[in-house]
Amino acid sequence: MAKFYLGVDIGSLTTKIVLINDAAEIVGRATGRSGYSGKEIAMRLAAGLLENNGLKTSEVVATVATGYGRVTFPADREISEITCQARGIAHLFNRARTVIDIGGQDSKVIKLLPGGKVADFAMNDKCAAGTGRFLEVMAGALEVKVEELGDLAARAGESCPISSICTVFAESEIISHISAGKSKPDIVAGVCDSVAARVTSMTARTGLEQEVVFTGGVARNNGVVNALARHLGCTLSVPPEPEITAALGAALSALGFSKN
Amino acid sequence: MGQQRRYKQLESTAQLKKLITRYYALSRYHRLWGRPLKRPLAWVTSGAPVELLRAFKIHSVYPEQYGALCSTSKATLGLCQEAEAAGYSPDLCSYATSNIGSVLKADIAPMKGLPKPDLVVACNNICGTVLKWYEALARHFQVPLIVIDTPFLTGDMTDHAKEYVLEQFKDLISQMEKLTGRNFNPGELGKISDLSNEAVGLWKEIRGLCRAKPSPLNGPDLFIHMAPIVVLRGTREAADYYRLLKDEVKKRVEREESALEEEKIRLVWDNIAIWSNMFKFFKMFSERGACFVTDTYTGGWSMEIAPGDPLESLAATYTEVFLNRSPEFRAKQIIDLIKEFKADGFVMHSNRSCKPYSLVQEVIRKRVMQETGVPGLVVEADMADPRAFAEEPIRNRVQAFLETLSD
Ligand code: SF4
């Protein structure tokens with residue numbers, strides 16, 4: 001019987017699951033809004049994933065849960081997303097030394113040792129500044145979709161400075177930029193710069209070592225990717241599916257401990 | 001992991017409770033005995049030269065220690081809100097705001113607040129906050145304010161600094177002579193300093209016993225049992241208490257008894273405890289077998305007064321308090337603790353309240369990691385104000401940190 005390993009990452013905004021086989025190859029992945037119960041969503045996603053791949057529950061030999069909702073999910077183990085993220089990234093980019101992850105409600109910088117072990121990390125999780133949630137609120141104030149932010153930023157002439165780190169105050173700053181007649185692209189560029197600046201100061205704590213990999217849903221936003229590369233003064237690698245890397249790490253951990 | 005680990009209380013705790021209850025009862029009923037015995041009551045900062053005040057038979061109470069007590073009794077939030085409503089900034093040290101809150105609204109404060117002082121004594125060897133805080137107290141109670149200014153030491157102690165503090169001690173003495181109607185007796189000060197040293201020496205020994213593997217004490221033990229060294233330093237009771245405690249801790253070491261059920265990871269703690277959630281917080285570590293074998297905070301009270309002229313030695317001891325020293329000194333302190341206690345990592349509480357303690361932590365953290373190769377974690381909270389404690393984010397960091405130490 002073939003064996004499969006499931007990684008479940010229940011984040012504050014989205015839930016991600018990844019299924020891998022014995023050879024550590026991804027056989028399926030799924031994502032959904034965490035909503036009220038991330039656990040329910042994760043269960044539903046997992047059931048759907050198995051069905052699509054024609055697999056039985058018994059073929060999944062080990063499950064690891066990570067993310068904020070990790071304790072709610074009936075997994076074999078729960079592991080913090082720092083450790084899972086490190087594992088997932090080391091698997092995809094073996095020369096990665098710094099991981100910058102911007103998720104829904106937190107952002108973090110992880111410094112890796114060769115081999116993927118965590119050397120140090122810094123997290124910003126007390127407020128929404130510099131996170132996906134921050135971008136959502138700002139997109140809302142500008143009446144654009146989050147997915148449009150990247151294209152808008154690319155058309156900016158001069159970025160409008162956003163000085164507040166508080167999401168609520170930053171939103172009112174945007175409203176004053178709008179009433180001052182500033183263009184949407186310029187304001188969006190300012191929003192991206194503000195996120196990048198916030199994360200850059202966090203990297204100063206762990207130290208920046210290349211190769212730098214940018215993960216999390218926000219890594220899909222080119223506006224932030226470019227702003228961050230500019231602020232850090234280096235290029236960033238972005239995985240093809242930047243939001244699922246912690247779930248991948250969780251699946252790899254499941255594979256790892258069931259082999260031992 | 002996951003299974004609950006019980007907190008193993010020391011037997012001496014019963015005696016500790018008696019001692020502290022008696023101290024607070026004496027303080028509370030001071031109005032009944034203080035005046036007839038001509039023994040004024042002072043509110044003093046934790047780093048004030050209490051031996052000098054004791055030499056004049058002044059009864060000292062400690063708003064900071066009381067602040068910790070308010071926090072463990074879950075009273076801080078209401079008290080801070082009271083002070084904030086009166087215009088004090090929520091950015092101030094929560095010991096200061098909660099204490100001011102307890103002055104403004106005694107009926108919501110534990111033990112209905114501290115007894116009214118006859119004088120207040122602030123020494124800025126711990127921070128600058130105490131100056132304005134004690135000014136506010138002096139104004140409120142209309143009592144004399146004594147300030148002792150200890151210059152910040154960027155390097156080692158200097159003759160100039162010592163001289164400067166010594167002069168202020170002399171001033172303090174003449175003020176106390178006037179206030180109490182007693183004459184200064186250097187012999188009496190010598191005796192009190194000896195008693196201080198006795199307790200401090202024992203406390204140092206107790207802390208040293210935690211070099212044992214497994215450690216007989218965990219962080220919460222150190223934090224709970226430090227109370228007498230703070231509030232009763234220089235008394236016979238404090239020295240007696242620490243003798244009792246030392247015997248018990250020594251027995252634990254002889255029996256190779258661990259503070260935790262199983263010690264797997266040894267850590268050093270930096271900064272004041274998170275009183276508002278102390279047990280909940282330390283359990284995040286103990287349930288994964290991580291023990292805080294030593295810390296920089298309770299070690300602040302293990303500084304002996306050097307032999308020689310007691311006044312001069314006191315001037316040196318109180319100026320050399322670690323919070324009054326350079327980041328280099330403090331980094332070295334943690335490096336030495338990690339080596340001496342064979343620690344696997346260290347945890348820094350970035351304490352929203354205490355700027356002098358917390359502001360330089362990131363610099364110190366980097367230096368310590370470089371020098372020792374062991375990882376350091378920063379957790380953001382506040383020693384007393386529960387509003388700054390975000391449980392899930394903290395749990396998340398702690399778990400990630402312990403995972404890096406376990407594989
Ligand atoms: S700022 Fe720090 S040293 Fe000063 S009173 Fe507050 S806690 Fe104590």
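Numbered from 1 within each chain, the chains take letters A, B, ... in sequence-line order. Quick caveat, the model's predicted, so the values are computed rather than measured.
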Visitor: Are A/Asp106 and B/Arg397 within salt-bridge range, i.e. N to O under 4.0 Å?
Guide: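 Salt bridge flag = no for B/Arg397 with A/Asp106.
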Visitor: Supply the atom-to-atom distance A/Ile82 CD1 to B/Glu403 CD, rounded to the nearest 0.5 angstrom.
Guide: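 One gets 9.0 Å once the value is rounded to the nearest 0.5 Å.
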Visitor: Any side-chain heavy atom of B/Gln399 sitting closer than 4.5 Å to one from A/Glu81?
Guide: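 With C-beta onward as the side chain, the pair stays apart.
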Visitor: Might you point out which heavy atoms bring B/Asn396 and A/Met123 nearest each other, and give the distance in Å?
Guide: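 In terms of heavy atoms, the two residues are closest at ND2-CE, 3.5 Å.
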Visitor: Considering residues, nucleotides and ligands other than B/Lys74, do more than 12 of their heavy atoms fall under 6.0 Å from its NZ?
Guide: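 Atom NZ in B/Lys74 is crowded, with more than 12 foreign heavy atoms closer than 6.0 Å.
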Visitor: Tell me, side chain or backbone of A/Ala204 under 4.5 Å from chain B's heavy atoms, or both, or neither?
Guide: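 Looking at A/Ala204, just its backbone touches chain B.
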Visitor: Is atom NZ of B/Lys132 surrounded by more than 12 heavy atoms (other residues, nucleotides or ligands) closer than 6.0 Å?
Guide: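 For B/Lys132, atom NZ is not crowded (no more than 12 foreign heavy atoms under 6.0 Å).
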Visitor: Please give me the minimum heavy-atom distance between B/Pro393 and A/Tyr68, naming the atom from each residue.
Guide: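 Heavy atoms only, the tightest pair is CA-OH, 3.9 Å.
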Visitor: Which atom names give the shortest non-hydrogen contact between A/Glu78 and B/Arg288, and what distance separates them?
Guide: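 For A/Glu78 versus B/Arg288, the nearest heavy atoms are OE2-NH2, 4.1 Å.
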Visitor: Give, as side chain, backbone, both or neither, the part of A/Arg77 having an atom under 4.5 angstrom from any heavy atom of chain B.
Guide: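 Contact with chain B involves no heavy atom of A/Arg77 at all.
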Visitor: Between atom CE of B/Met369 and atom NZ of A/Lys111, what is the distance when rounded to the nearest 0.5 Å?
Guide: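 Spacing of CE (B/Met369) from NZ (A/Lys111) equals 7.5 Å.
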Visitor: To the closest 0.5 Å, what do you measure between CZ (B/Phe401) and CG (A/Asp120)?
Guide: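 The CG atom of A/Asp120 is 9.0 Å from CZ of B/Phe401, to the nearest 0.5 Å.
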